[in-house]
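Worksheet for the structure shown next.
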Amino acid sequence: MAESIVGPFVEKLADYTIAPLSRQFKYMFCYNRNIQNLRSKVQDLENKRNDVQLSADGAKRNALVIKSEVDSWLKKVDDLKKEADKFFNSTTNSEMQCPYLRCPNLKARYLLSRNATKKITAIDELQVRGVKFGEVGVRAPLQLMPVHGSEALKSRISTKKEIIKALEDTGISIVGICGLPGVGKTTMAQGVMTQVLEDKLFDEVAKVVVSKDVDIIRIQDKLAEMLDFSIDERTNEDARAAQLAKRLTYDNKKRILVILDDVWTDINLGTLGIPSLNRPEGLKIMLTSRDKLVLERMGARNIEVGVLSREEAFAFFQNVAKISNDATGLKDIAEQVAEECKGLPLALEVVGKTLVNREPHVWKDALNQLRHYQHRDEVPISEVHSRLQLSYNYLESDEHRSFLLLCSLFPEDESISIESLVTYARGLELFQYTDTLLATRNRVYTISDTLKSRHLLLSGDRGEDVKLRDVIRDFCLSIASKGEHRYMVKHDIRTEWPERDNHESYGAISLTFRGGILLPSRLQYGKLEFLRVRSFWSQSVINIPEDFFDYMQELRVIDFSGVRIRSLIRLPPGLRTLCLINWLGFKLGH
């Protein structure tokens, strides 16, 4: 009986005494192994940290927000690395010797070995957390962009309230915003989006620009991106539409607003992935268009954004042009200039910015020009174009005008990379006295800042990108179509080259294909200086005929980025810039 009592007691005593003592002795006698193990663990952790940092940098470049747990992990790793470096510095021979004898300092070995073991445990925990991250970044929450200054005007406030009321009406599933070019339809849509998000009327809002060239794949991709939804890129349009429809209807209680901006023609919403039948009550669609009939045919309840009243127009113009009430003489001319802008906010804004701090004679000349443009106009859209013409003419130099036209070569609503503009401008020798790439870059930044201050350019979606309003882009292309060196700009081509003509006058061609690219032979573009060919599909293959460039001897810039080139390229002799970003499989010839 005594044995049955004493036995468990002795075992328990051993657990509490022998095991801990054994562990303490191991700290001393396994010192070298523990230190080496720590060095190895620190190196492994540093490798993992570098991998995570690379992933984080890539996520930032793609406009993702780094998860807070990832930032916290990176900081903890950096802190532990500093502690480890300090620890290794303390494990020198001088610290490991007894003060009076030439033998290892057992106490120091014990303390350092135990500390190394604790750090190894901490490193193992960090390694496990790092492996579990998966995606290090998430899509940034929708930013509420500042809206146009005319939003504060009474007429705009009442129109916005009317639109929001229609969105709240359970009997209305599609709301249309219509009005003249430059009247502020997109601005109104942005203001509505801001308001409904602030008021939490919708759980999610997805906004995409449709534009004149309707590209189903691009619209589907943008909707998926806005809804933070991964769409299978390998499937066709119908399968992708089914995936989007499922995403939009998976929760009948979810309130979702889909905004399709700048609709030019009737669109079957079902082909995009927006359910036309059995649409849940919480799913609303808002459309903007210049054409009221298009919206009516799509079943929208239309609300028109009208021009500003004379009083509102001048109040807005006075603010933009920075005209004080004390400037009596100038104020009279400004009222007449504002009146010539016909109540269109875009015209008021651009003309006003053009005339800021200008002398009275410049104002009088501008008034005269506006009045004469009005009599020369022949098409309806020129109501705003004629006002843009004034600002275009009043730009500081031909360099400013050429740069603005260069921006119109990109697809509508595209966020334009400043570095792409630098590359193109350098190759085209667009500016004087810019003998280096750095000088060209400085000039590009200077001119883009000027154009943004005049409201002819906007800030883009990423970093230092820029963007053109659709109306201003239309205006630029109308200018380019009349010049000595015309532009051919098409961004919704199936596979065939558009119109196998031989226009000697083309100075720039910018094309975007929807799939494979078929290039014809012996096109005679004798004055062509700029050629940009892209595809919406990253795997598109382009076969370039051997004689494709034979009649393009003036070519200075070629951009075939993002396509797979499978043929020999015989380049023109005067070429200065060749862009082949993300290309695969090509050969250069002479």
Can you name the closest pair of heavy atoms from L344 and P181 and give their distance? CD2-O, 3.7 Å
Kindly indicate whether the side chain of L244, heavy atoms from C-beta on, has any atom under 4.5 Å from the side chain of R240. no
Inspect the surroundings of CZ in R441 and state if more than 12 heavy atoms from other residues, nucleotides or ligands are less than 6.0 Å away. yes
Looking only at heavy atoms, which two atoms of E304 and T159 are closest? And how far apart? O-CG2, 4.0 Å
Short side-chain to backbone donor-acceptor contact, R387 and L348, under 3.5 Å: no
For the student: nearest non-hydrogen atoms of G273 and L248, plus distance: O-CD1, 3.5 Å
Rounded distance [0.5 Å steps], CD in E399 versus CG in L406: 12.5 Å
Using the rule given for side chain to side chain contact (heavy atoms under 4.5 Å, CB included), can you reason through V351 versus S391, listing the C-alpha separation, both sets of side-chain angles and the distance that settles it, and then say yes or no? CA-CA 6 Å; V351 172; S391 296; 4.3 Å; yes
Any heavy-atom pair between the side chains of S448 and I418 that's under 4.5 Å? yes
Using the rule given for side chain to side chain contact (heavy atoms under 4.5 Å, CB included), can you reason through L167 versus L201, listing the C-alpha separation, both sets of side-chain angles and the distance that settles it, and then say yes or no? CA-CA 9 Å; L167 290 172; L201 295 180; over 6 Å; no
Is it the case that the side chain of E349 and the backbone of H455 share a donor-acceptor pair, with hydrogens and angles ignored and the cut-off at 3.5 Å? no
Smallest separation among heavy atoms of T249 and P275, with atom names: CG2-CG, 3.5 Å
Has the side chain of Q318 got a donor or acceptor atom that lies under 3.5 Å from a matching backbone atom of I323? yes
Taking side chain to side chain contact (heavy atoms under 4.5 Å, CB included) as the definition, give me every residue that meets it alongside T186, ordered by chain and number, with sequence neighbours left out. K207, D261
To the nearest 0.5 Å, tell me how far L330 CG sits from E335 CD. 10.5 Å
In this structure, which one of I259, D221, L223, D413 forms a side-chain contact (heavy atoms from CB on, under 4.5 Å) with V208? L223
Starting at CG of L257, measure out to CG of D203 and round the result to the nearest 0.5 Å. 11.0 Å
So, the side chain of H491 versus the backbone of L409: is there a donor-acceptor pair under 3.5 Å, distance only? yes
Measure the shortest side-chain to side-chain distance between Y487 and C476 over non-hydrogen atoms and say whether it is less than 4.5 angstrom. no
Testing the basics here: between S158 and S155, what is the closest heavy-atom pair and its distance to 0.1 Å? OG-O, 2.9 Å
Looking at D238, is its backbone amide N or carbonyl O close enough to the side chain of N236 to form a donor-acceptor pair, meaning the two atoms are under 3.5 Å apart? yes
I'd like to check L260 versus L269 (side-chain heavy atoms, cut-off strictly below 4.5 Å). Are they in contact? yes
Nearest-0.5 Å distance, CZ of residue R401 to CG of residue L451: 10.5 Å
About how many Å separate CE of M298 and CD of E296, when rounded to the nearest 0.5 Å? 12.5 Å
Taking K284 for the side chain and E168 for the main chain, is one N or O donor matched with an acceptor at less than 3.5 Å? no
Should L404 and I479 count as side-chain neighbours, where that means a heavy-atom distance under 4.5 Å? no
Side chains of E396 and T450, donor plus acceptor under 3.5 Å: no
Derivation of the side chain to side chain contact (heavy atoms under 4.5 Å, CB included) call for K353 and S453: CA-CA 7 Å; K353 283 293 181 182; S453 72; over 6 Å; no
When you compare the side chain of E198 with that of Q195, does any pair of heavy atoms fall below 4.5 Å? yes
Side-chain donor-acceptor pair present, N393, Q389, cut-off under 3.5 Å: yes
Would you compute the distance between atom NZ of K467 and atom CD of E412 and round it to the nearest 0.5 angstrom? 10.5 Å
May I ask you to decide if V263's main-chain N or O and S289's side chain share a donor-acceptor pair within less than 3.5 Å? yes
R454 side chain near V350 side chain, heavy-atom distance below 4.5 Å: no
Take L456 and L395, measure what side chain to side chain contact (heavy atoms under 4.5 Å, CB included) needs, and give me the verdict at the end. CA-CA 10 Å; L456 292 170; L395 286 173; 3.9 Å; yes
Measure from the side-chain N and O atoms of R473 to the backbone N and O of F410, and report whether any donor-acceptor pair falls under 3.5 Å. yes
Is it the case that the side chain of R310 and the backbone of A338 share a donor-acceptor pair, with hydrogens and angles ignored and the cut-off at 3.5 Å? no
Does R532 pair with E414 as a salt bridge, N-O distance under 4.0 Å? yes
Check L405, D470, L388 against F475 for a side-chain contact (heavy atoms from CB on, under 4.5 Å) and give me the one that passes. L388
Please examine the side chains of I177 and I303, heavy atoms only from C-beta on, and report whether any two atoms are closer than 4.5 Å. no
For the residue pair S211 and W264, what are the closest heavy atoms and their distance? C-CD1, 3.5 Å
Sequence neighbours excluded, which residues qualify as ring-ring contact (aromatic ring centres under 6.0 Å, His included) partners of F314? none
Other residues, nucleotides, ligands: >12 heavy atoms within 6.0 Å of E237 CD: yes
So does K185 pair up with D262, basic N to acidic O under 4.0 Å? no
Whether K222 side chain and V210 backbone form a donor-acceptor pair below 3.5 Å: no
